[in-house]
Amino acid sequence: MDVGAFWLGHDRCRFTVWAPLHKQVGVNIIAPKGRSLPMESIGSGYWQVTAEDVVPGTQYFYELDDDLERPDPASQFQPDGVHGPSQVVDHAAFQWTDAQWSNIPLEDFIIYELHTGTFTPEGTFEAIIPRLPELKALGVNAIELMPVAQFPGNRNWGYDGVYPFAVQHSYGGSDGLKRLVDACHQQGMAIVLDVVYNHFGPEGSYFSDYGPYFTEKYNGIWGSALNFDGAQSYPVRQYFLQNALYWFETYHIDMLRLDATDHIIDLNAKHFLQELTEHVAELCQKQRRKHYLVAENDVNDVRLLRTVEDGGYGLDAQWNDGFHHCAHTLLTGEQIGYYQDYGSCAQLAKAMKQGFVFSWEYSPFRDRWHGSDSSAFPGQQFVVCIQNHDQVGNRMLGDRLTHLVSFDALKLGAAILLLSPNVPLLFMGEEYGEDAPFLYFVSHTDPNLVEAVRAGRKREFSHFHLEGEYIDPQSEETFRRSQLQWNTRNEGKHKVLRDLYQHLIQLRRTIPALKALDKQQLEATALETEKVLLLHRWSTESQILCLMNFNHEAVNLTPNLPDAKWQKILDSADEKWLGSSPTLPNAIVPNQSLTVPPISFALYQALVD
């Protein structure tokens, strides 16, 4: 059963809500013409009424047993925030111009993650559109929006959303998002949306007033766990299945990034994620275009990627956090918190060659065995990064790599990311070394909740990332400090770094050995003592070789190179990239002695006779 308010045209609207806890349910239309309409029970806890004389923009609450008045759990717009009335939306009124759009092959994605509120001074969908051509020129062909479902106030990362169908009013609402999606498609760019199906935010969540959306069987780390497998769980599952299809059908979204799927607890014979992939597959067949599902998952579980026929859930890809942790520890030297599990070149080599770093090995941080073997899965099934909203924003000071490492290390990080055989994700501003931090911020209206959030963040930082002074997430200044200083992208080192990202993406797209995300045609060799990684990739007659030096000193070595004549095509130590001085020759052959500059990389291509 599809829930929500569906405008049918000709001033008619069908209202449907799941409210099994109540004996009477009605719609209280408060504007523009106030009146109350009783709803009819249609079975399984659902209530419905088709109302006349309802126009788009009509605002309403649901009345529950005549003593509660609540917004619609499937509201498609909350013009006055999470506590205000819901509003009827006419989705058919928007004029799409992307009829010829057919999405991008997964292996070609270059993803750019951004937060709508801080990416521009205006903080709206509309303000992103003028920046799309420059992102396209960089080489980005997909932007990923952090969650846009309605959250409390005007400042939030989006993971505190409480209306999964309603587009955040302060970002520009329904039409603003559609205009952004349409503009992306006109630029040949896909759009990825981050959605949260593992919890609801703490303010404005009225779901318990309607029905058993939550369960006490499991302990949720962000509040009550959602009821995916208990009594009366199927309408809850249907609610989220409908939501995923809604983003694909109504907003033309190309990919959903499913937040923290390891916290979607479901012990049914058919897991919710499997059921979701089946529904999306049916939609793709119907529309004759591909929509992707990508999971964030901390368990390193290949069941998410296995096909349903092989006993898996059939998702298209998942984030590989271990790749980030390897790169971060090698670049920064940090070993605190979960970084204590990482720090060797061999682990980065494994991340390049196999995918998951932990494939059922002991994890000191977790004090247990962790992960599964992902070596059989192709590179396009893993999204990797060297920075993202979590890894930056969950630090006490919101410090980016720009604040933690040298310019040479930023260049080396770019190579790790863009020369890997995976789908790369850039975090907004990363490509030019953004100086502004990305901090955690909220704008809750409940004073007690604000204090609870402050206390919770302080507890988190008491054992992780201890440096610096705690920054108040409720302060508007915290939000302002997190806004990009976009204009610096064309200045000094910022421009050089951006040019390097652009060049690496261009090489990735034009050299067959880099374009093919085939982990079987790849060797990654760790020289642990020297802190050097040798990356060799090939595809038919195309071959590349990359030397990555994580040592703060120059390294002399005579590597066992593949048999070929190698021509240098990029050296981060060159003056063009503000390097100190290149020491590697323009051409090398096997068994040649080499001196690799500190914190640098060099890319060679095999000459074809």
Side-chain angles (χ1 to χ4, degrees), residues 105-113 139-142 144 294 300 305 317-331 342 344-359 374-388 391 401 409-427 430-431 500-526 532-539 542-550 569-570 572 600-605:
L106 185 58
E107 60 269 23
D108 292 341
F109 268 64
I110 308 286
I111 303 174
Y112 190 91
E113 184 191 24
V140 167
N141 60 11
E144 177 174 329
V294 177
N300 284 13
L305 302 179
Q318 66 173 295
W319 279 27
N320 182 9
D321 280 347
F323 183 98
H324 166 273
H325 301 342
C326 287
H328 186 90
T329 51
L330 286 171
L331 293 172
Y342 301 88
S344 72
C345 290
Q347 288 175 316
L348 181 58
K350 183 177 181 180
M352 292 278 192
K353 176 65 178 172
Q354 296 189 24
F356 293 147
V357 177
F358 282 89
S359 51
S374 63
S375 57
F377 295 86
Q380 62 262 30
Q381 291 201 274
F382 300 92
V383 176
V384 300
C385 68
I386 58 170
Q387 299 183 75
N388 65 36
Q391 306 304 335
L401 282 180
L410 293 179
K411 293 184 290 181
L412 180 53
I416 298 170
L417 176 67
L418 294 170
L419 300 181
S420 78
N422 305 108
V423 174
L425 177 143
L426 288 65
F427 183 54
E430 169 189 328
E431 74 279 12
L500 178 64
Y501 268 83
Q502 184 180 44
H503 187 52
L504 284 167
I505 293 173
Q506 191 262 343
L507 293 175
R508 179 186 175 93
R509 287 207 170 123
T510 55
I511 298 177
L514 292 174
K515 184 176 176 62
L517 306 187
D518 186 351
K519 296 189 298 184
Q520 307 311 313
Q521 298 189 78
L522 176 151
E523 289 297 332
T525 304
V532 169
L533 180 72
L534 303 179
L535 179 65
H536 177 213
R537 295 177 60 185
W538 63 92
S539 177
S542 172
Q543 295 188 72
I544 66 94
L545 176 70
C546 187
L547 291 81
M548 301 181 182
N549 184 12
F550 297 92
I569 58 175
L570 176 59
S572 67
S600 70
F601 76 92
L603 181 64
Y604 287 81
Q605 187 172 14

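Rounded to the nearest 0.5 Å, atoms CE (Met548) and CG (Leu534) are 10.0 Å apart. Summarising the geometry, atom OG belonging to Ser420 is positioned 10.0 Å from atom CG belonging to Leu514; distances are rounded to the nearest 0.5 Å. Asp108 contributes atom CG, which lies 9.5 Å from atom CD of Gln380 (distance to the nearest 0.5 angstrom). Here the NE2-OG1 distance, from His536 to Thr525, works out to 10.0 Å after rounding to the nearest 0.5 Å. Atom CD of Gln318 is separated from atom CD of Gln381 by 9.0 Å, given to the nearest 0.5 angstrom. Atoms CG and CG, from Leu522 and Leu535 in turn, are 5.0 Å apart once rounded to the nearest 0.5 Å.
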Dump the intermediate steps for side-chain contact (heavy atoms from CB on, under 4.5 Å) on Phe109 and Leu425, then the final yes or no. CA-CA 9 Å; Phe109 268 64; Leu425 177 143; over 6 Å; no

Quick one: do Ile569 and Ile511 satisfy side-chain contact (heavy atoms from CB on, under 4.5 Å)? Show the steps, please. CA-CA 11 Å; Ile569 58 175; Ile511 298 177; 3.7 Å; yes

Start with the C-alpha gap between Asn141 and Arg509, add the side-chain angles, then the distance that decides, and say whether side-chain contact (heavy atoms from CB on, under 4.5 Å) holds. CA-CA 12 Å; Asn141 60 11; Arg509 287 207 170 123; 3.1 Å; yes

Carefully, step by step, assess Asp321 and Asn300 under the rule side-chain contact (heavy atoms from CB on, under 4.5 Å). CA-CA 9 Å; Asp321 280 347; Asn300 284 13; over 6 Å; no

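Across Ala409 and Leu331, no two heavy atoms sit closer than the pair O-CD2, 3.7 Å. In terms of heavy atoms, Leu504 sits closest to Ala415 at CD1-N, 4.0 Å. Nearest heavy atoms, Cys326 versus Val357: SG-CG2, 3.5 Å.
Partners of Phe382 under the ring-ring contact (aromatic ring centres under 6.0 Å, His included) rule, at least two apart in sequence or in another chain, are Phe356. Residues satisfying the ring-ring contact (aromatic ring centres under 6.0 Å, His included) test with Tyr342, not counting sequence neighbours, are His325, Phe358. Every residue was checked against the side-chain hydrogen bond (donor to acceptor under 3.5 Å, both in side chains) condition with Lys519, not counting sequence neighbours, and none meets it. Considering only residues two or more places apart in sequence or on other chains, His324 meets the ring-ring contact (aromatic ring centres under 6.0 Å, His included) condition with His328. The side-chain contact (heavy atoms from CB on, under 4.5 Å) search around Leu330 returns Cys345, Leu348, Phe550, not counting sequence neighbours. The ring-ring contact (aromatic ring centres under 6.0 Å, His included) check on Phe427 picks up Phe438, with sequence neighbours excluded.
Arg508 has its side chain within reach of Leu517: a pair of non-hydrogen atoms, C-beta onward, lies under 4.5 Å apart. When side chains are defined from C-beta on, Trp538 counts as touching Glu523, because their heavy atoms get closer than 4.5 Å. The shortest side-chain heavy-atom distance between Leu547 and Tyr604 falls under the 4.5 Å cut-off. Inter-residue side-chain proximity for Leu418 and Leu507 is flagged as unmet; no heavy-atom pair is nearer than 4.5 Å. Using a 4.5 Å heavy-atom threshold, the side chains of Ser539 and Asp518 count as separate.
Distance alone, capped at 3.5 Å, is enough to place a donor-acceptor pair between the Gln387 side chain and the Leu401 backbone. A donor-acceptor contact shorter than 3.5 Å is absent between the side chain of Ser374 and the backbone of Phe377. Without hydrogens or angle criteria, Ser572 side chain to Ser600 main chain gives no donor-acceptor distance under 3.5 Å. Although no hydrogens or angles enter the test, the distance criterion places no donor-acceptor pair under 3.5 Å between the side chain of Gln347 and the main chain of Ala327. The backbone N or O of Ala516 lies less than 3.5 Å from a partner atom in the side chain of Arg537, making a donor-acceptor pair.
Ile386 pairs with exactly one of Leu410, Leu412, Leu417 by the side-chain contact (heavy atoms from CB on, under 4.5 Å) rule, that one being Leu417.
Side-chain polar atoms of Lys350 and Ser359 form a donor-acceptor pair below 3.5 angstrom.
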